[in-house]
Amino acid sequence: MELVEKILKLKKEKKAIILAHNYQRSEIQDIADYVGDSIELSRKAMEEKEAEVILFSAVDFMAESAAILNPGKKVLLPTLGARCPMAQMLTVDEIKRWKVLYPLVPVVLYVNTLASAKAYCDICCTSANAVEVIESLNSETILFGPDRNLGEYVQAKTGKTIIPIPEWGFCPTHLLFQPEEVHVLKEQHPDAVVMVHPECTQEMRSIADFVGSTSQMCRYARESNAGTFIVATEEGLLHRLKKENSEKRFILAYKDAVCPNMKLNTLERLYMALREEKYVINVPEPIAKHARKALEKMFEVTAKKS
Ligand code: CIZ
Ligand code: SF4
């Protein structure tokens, strides 16, 4: 039996669903029940009442969020070492240090944080709703982390003062993008639309036609009349973009923009994860309780506006 068939057979037997992040390998995206950003996937898991096991093909903090939001289900991460380096950049001690310095200032954390950090914030945000979340707060100053680039983007959009915690948090993959490649690509494809993720630098955001999260890029590409897109985010998203828009052309703005942690998951590891029911992601309830509150507050803000 082919590996894919084996995975699908086990999935049925175990009443599992396979959720794959937009940055996963194309062969994983192709067998997933849903492909999306981290919060879209966690919400999908919440809607799947019948599912007993959630195989979450992504990195650690995303599986943690799924576990926090789906307490009755078994959440499996196929590779234990698939860790987002940016999420590791913000420790609880660092948050506490900033809270002492600014006791009255709300703490907003990007979902790219560990559950232990989320437990110490007032509200979470994603790259898709960061502006909306910050605008909803009754404070002109915000402690924001761990992505300094997303923080700068939100500051420019909202006019509020964003204090980055830690001072230099960043995504190593999105930092790979620089304007030089985009300028050369634009000379070759003058009508191309440039889509940039807010985790990229200000230099990249300033030459973008559209700045947005992966889910927002998918929507933008679908609705746009343009035929060619230069894309500045992790290469995995291009598989989805091409699949959903077969008549349009997508070019990665830097050809080696790969997140090594996202790529740790393979079909072999998905198979073993389902077979052995590993690696189970558990968030201790005292932490989960606070982190859940911060995620639910984010959902309340986004629900009010839409
Ligand atoms: O929240 C996510 O899924 C991330 C990290 C990226 C994005 O823009 O969707
Ligand atoms: Fe973390 Fe960047 Fe990889 Fe996303 S692309 S998981 S932010 S290192």
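Below, each value reflects all heavy atoms present in this structure, side chains not excepted, and no hydrogens, waters or symmetry copies. Counting starts at 1 for both ligands and their atoms, following the listed order. Along the sequence shown, the residues carry numbers beginning at 1.
Nearest protein heavy-atom neighbour of atom 1 (O) of ligand 1: S38 OG, 2.8 Å. Protein heavy atom closest to atom 4 (Fe) of ligand 2, with residue, atom name and distance, is Y23 CE1, 4.0 Å. Atom 2 (Fe) of ligand 2 has as its closest protein heavy atom C171 SG, 2.3 Å. Among all non-hydrogen protein atoms, the one lying nearest atom 8 (O) of ligand 1 is H197 NE2, 2.5 Å. Scanning the protein for heavy atoms near atom 4 (C) of ligand 1, the closest one is H21 NE2, 3.8 Å. The nearest heavy-atom contact from the protein to atom 8 (S) of ligand 2 is P85 CD, 3.5 Å. The protein non-hydrogen atom at the shortest distance from atom 3 (Fe) of ligand 2 is C259 SG, 2.4 Å.
Among L150, N112, T214, the residue whose heavy atom lies closest to atom 5 (C) of ligand 1 is N112.
Below 4.0 Å from some heavy atom of N112 lie the following atoms of ligand 2, by number and element: 7 (S). Residue S213 approaches ligand 1 through these ligand atoms, each under 4.0 Å from one of its heavy atoms: 8 (O). Listed by number with element, the atoms of ligand 1 under 4.0 Å from a non-hydrogen atom of D37 are 2 (C), 3 (O), 9 (O).
Side chains of R240 and N22: a donor-acceptor N/O pair is present below 3.5 angstrom, by distance only. A donor and an acceptor atom, one from each side chain of S57 and Q24, are located under 3.5 Å apart. S139 and T141 share no donor-acceptor pair across their side chains, judged by distance under 3.5 Å alone. No hydrogens or angles considered: a donor-acceptor pair under 3.5 Å links the side chains of N265 and T79.
Within 6.0 Å of atom NZ in K278, more than 12 heavy atoms from other residues, nucleotides or ligands are found, so the atom counts as buried in its surroundings. Within a 6.0 Å radius of NZ in K157, other residues, nucleotides and ligands contribute 12 heavy atoms or fewer.
Distances shorter than 4.0 angstrom do not occur between any heavy atom of T126 and any atom of ligand 1. By the 4.0 Å heavy-atom criterion, M62 is excluded from the residues contacting ligand 2.
Under 4.0 angstrom from ligand 2, there are no non-hydrogen atoms of N261. Contacts between S127 and ligand 1, counted as non-hydrogen atom pairs separated by less than 4.0 Å, involve the side chain only. At a heavy-atom distance under 4.0 Å, no atom of T233 approaches ligand 1.
A pairwise comparison of heavy atoms in I31 and I18 identifies CD1-CD1, 4.2 Å as the closest pair.
A donor-acceptor pair under 3.5 Å links the side-chain atoms of D60 to the main chain of C84, judged by distance alone.
Residue side and main chain included, C84 places no N/O/S atom under 2.8 Å of atom 2 (Fe) of ligand 2.
Side chains of R292 and L295 form no contact here, defined as non-hydrogen atoms less than 4.5 Å apart.
Under a hydrophobic clustering in which Ile, Leu, Val, Met, Phe, Trp and Tyr are joined whenever their side-chain heavy atoms come within less than 4.5 Å, directly or via other members, L76 and V4 fall into the same cluster.
Between H174 and H197, the angle of the ring planes lies from 30° to 60°, which puts this pair in the tilted group.
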